[in-house]
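Predicted model, so just to flag it, every value in this text is computed and none were measured. As the structure lists them, so they are numbered: ligands from 1, and atoms in each ligand from 1.
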Amino acid sequence: MKRFENKAAVITGAARGIGFEIAANFASEGASTAIADIDASGAVNAAAEIEKTFKTSCIGMAADISNAADCEKLVEAVRQKFGRIDILVNNAGLTKDGLLIRMSENDWDRVLGVNLKGAFFMSKLVSKLMLKQRCGRIINITSVTGQMGNAGQANYSASKAGLIGLTKSMAREFASRQVLVNAVAPGFIATKMTEALPEEAKTRLLEMIPLGKFGDPSDVAKLVLFLASDEASYITGQVIGVNGGMYM
Ligand SMILES: NC(=O)c1ccc[n+]([C@@H]2O[C@H](COP(=O)([O-])OP(=O)(O)OC[C@H]3O[C@@H](n4cnc5c(N)ncnc54)[C@H](O)[C@@H]3O)[C@@H](O)[C@H]2O)c1
């Protein structure tokens with residue numbers, strides 16, 4: 001029997017990058033998965049690829065998780081399809097970088113709206129099901145920048161630090177019903193999000209990483225799967241770094 005057989009997982013922002021890797025890893029271990037992404041065709045294509053590769057049920061849905069109505073539709077569709085939701089991974093995120101003195105209100109609101117408020121909407125809806133089930137796992141993808149800050153990313157770092165507070169508060173609220181909530185804080189992982197960085201920024205970043213290399217999406221996915229598994233049943237309210245030692 002595979003580790004996540006008979007379990008249903010929802011992963012936001014999973015059309016590509018870290019989210020896709022997480023969804024594929026869950027599927028490879030037998031879970032039914034739902035991929036939600038603002039990129040509608042990306043979500044549908046990713047789901048088709050996962051179904052074909054792992055022969056498990058996977059649905060791809062368009063959703064802007066900063067929009068409450070989209071989140072409601074998404075959660076209802078997944079509940080109807082799979083009958084339950086055991087695992088929620090709040091992974092969708094974006095950056096709109098710039099120095100604070102030049103940061104627009106729009107760039108502040110968009111980043112906080114997706115990275116933090118989106119996780120609030122999704123967690124609120126899904127936790128209702130999990131609390132009734134008396135089991136569930138919520139895993140929030142935060143960032144090393146939420147722990148140590150980063151010049152040029154005040155909005156992003158604030159959203160990711162906010163996710164850590166949200167994680168710990170939910171962990172305390174839901175623990176008595178066996179709904180466990182943790183955060184995973186990646187450092188620098190090679191994806192489309194980080195591809196755009198100028199070469200000199202990448203070189204500077206590498207110097208800050210004791211392990212001397214960037215991480216791979218699978219490094220993050222493996223930790224997420226562990227936190228969602230039975231082996232992690234005494235872990236809640238934690239923030240676990242996957243950062244090559246960049247922050248200790
Ligand atoms: N790559 C890194 O180095 C790194 C480091 C720390 C944290 N993270 C976090 O990991 C998560 C995944 O990052 P990634 O590197 O795979 O990025 P990515 O840009 O490759 O993927 C992000 C996905 O989220 C989707 N998305 C964006 N806005 C959305 C919205 N409003 N609703 C639904 N989906 C939306 C995008 O369409 C995309 O598919 C993010 O939360 C990011 O902040 C990444």
(request) Check each of A14, A196, A15, G187 against atom 4 (C) of ligand 1 and report the one with the nearest heavy atom. (result) G187
(request) Ignoring hydrogens, just give me the one of I35, N91, I22 whose non-hydrogen atom is nearest atom 41 (O) of ligand 1. (result) N91
What part of [X], side chain, backbone, both or neither, has a heavy atom within less than 4.0 angstrom of ligand 1?
X    : value
V144 : neither
V114 : side chain
R110 : side chain
D37  : both
T194 : side chain

(request) State, without any angle test, whether S218 and D216 hold a side-chain donor-acceptor pair at a distance under 3.5 Å. (result) yes
(message) Whether the E21 and N25 side chains hold a donor-acceptor pair (N or O, under 3.5 Å, no angle test) is what I'd like checked.
(response)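 E21 vs N25: donor-acceptor pair found between side chains.
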Would [X] count as a contact of ligand 1 if the rule is a heavy atom under 4.0 Å away?
X    : result
I65  : yes
Y156 : yes
T95  : no
A190 : no
E21  : no
E195 : no
G42  : no

For residues [X] and [Y], report the shortest heavy-atom separation together with the two atoms involved.
X    : Y    : answer
M122 : L74  : CE-CD2, 3.6 Å
P217 : G17  : CB-O, 4.3 Å
M208 : P210 : O-CD, 3.3 Å
A119 : I65  : N-CD1, 4.4 Å
D37  : A43  : CB-CB, 4.0 Å

Is there a polar contact between ligand 1 and [X], counting only N or O atoms under 3.5 Å apart?
X    : value
A36  : no
I18  : yes
G17  : no
S143 : no
D64  : yes
R16  : yes

(message) List ligand 1 atoms under 4.0 Å from F188, heavy atoms only on the residue side.
(response)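 The atoms of ligand 1 under 4.0 Å from a heavy atom of F188 are 3 (O).
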(request) Just jot down the ligand 1 atoms closer than 4.0 angstrom to any heavy atom of A63, in number order. (result) 32 (N), 33 (C)
Write out the residue and atom name of the closest protein heavy atom to [atom], then the distance separating them to 0.1 Å.
atom                    : answer
atom 22 (C) of ligand 1 : G93 O, 3.8 Å
atom 24 (O) of ligand 1 : G13 CA, 3.4 Å
atom 10 (O) of ligand 1 : I141 CG2, 3.4 Å
atom 15 (O) of ligand 1 : T191 OG1, 2.5 Å
atom 29 (C) of ligand 1 : I38 CG2, 3.7 Å
atom 3 (O) of ligand 1  : I189 N, 2.7 Å
atom 17 (O) of ligand 1 : M193 CB, 3.5 Å
atom 6 (C) of ligand 1  : P186 O, 3.4 Å

(message) How about NZ on K81, more than 12 heavy atoms from neighbouring residues, nucleotides or ligands closer than 6.0 Å, or not?
(response)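 Check fails, neighbour count at 12 or below.
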(request) Let me see the working for I11 and I35 under side chain to side chain contact (heavy atoms under 4.5 Å, CB included), right down to the final yes or no. (result) CA-CA 5 Å; I11 305 105; I35 285 179; 5.5 Å; no
If only atom types and distance count, is the side chain of [X] paired as donor or acceptor with the main-chain N or O of [Y] below 3.5 Å?
X    : Y    : result
D219 : V242 : no
T194 : I189 : yes
T12  : N91  : yes

(message) Nearest 0.5 angstrom please: N140 CG to L163 CG, how far?
(response) 5.0 Å
Less than 4.0 angstrom from a charged side-chain N to a carboxylate O is my criterion; do [X] and [Y] meet it?
X   : Y   : result
E76 : R79 : yes
K7  : E29 : no
K73 : D64 : no

(message) Once ring-ring contact (aromatic ring centres under 6.0 Å, His included) is applied, do any residues pair with F214, and if so which ones, sequence neighbours excluded?
(response) F188
